[in-house]
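Working notes, structure below.
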Amino acid sequence: MTASHFEFDKELHDVGAIFPVHFFFISKVFVTQQYENAHFGFKEPVRLDLKLTSGEWYATNAHIRP
């Protein structure tokens with residue numbers, strides 16, 4: 001965290017290439033998200049576990065490693 005005033009600017013947020021892996025009715029998605037301004041920044045890998053239910057994909061778990 002930062003002691004200075006922080007205001008999120010969506011223009012500074014970036015999502016990297018999305019890499020999906022499908023196993024019939026279950027899928028895992030790997031992606032990197034990044035945010036950086038003059039005083040604060042992060043780049044972290046994200047893994048989503050998805051499940052196909054009634055023709056729609058739903059996230060069942062989200063794993064973010066700072």
Just jot down the side chain to side chain donor-acceptor pair (under 3.5 Å) partners of E44, sequence neighbours excluded, or say none.
Q33
Please find the pair of heavy atoms, one from W57 and one from F24, that lie closest to each other, and give the distance.
CH2-O, 4.0 Å
Minimum heavy-atom distance V21-F30, with the two atoms named:
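Shortest heavy-atom separation between V21 and F30 comes out as CG2-CE1, 4.1 Å.
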From H13 NE2 over to F42 CZ, what is the distance, rounded to the nearest 0.5 angstrom?
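The NE2 atom of H13 sits 5.0 Å away from the CZ atom of F42.
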Quick check: is V15 connected to I64 through a chain of hydrophobic side chains (ILVMFWY, heavy atoms under 4.5 Å apart)?
yes
State plainly whether one hydrophobic cluster holds both F19 and V46, where clusters connect Ile, Leu, Val, Met, Phe, Trp and Tyr through side-chain heavy atoms under 4.5 angstrom apart.
no
Backbone of P45 reached by a side-chain donor or acceptor of T32 within 3.5 Å:
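Flag not set: sc T32 to bb P45 has no pair under 3.5 Å.
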Contacts of D49 that satisfy side chain to side chain contact (heavy atoms under 4.5 Å, CB included) - sequence neighbours left out:
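With neighbours one apart ignored, the set is K28, R47, T60, N61, H63.
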Please list all pairs passing the salt bridge (charged side-chain N to carboxylate O under 4.0 Å, His left out) test where one or both residues lie in residues 52-66, with sequence neighbours left out.
none
For F25, look at atom CZ and say whether over 12 heavy atoms of other residues, nucleotides or ligands are found less than 6.0 Å away.
no
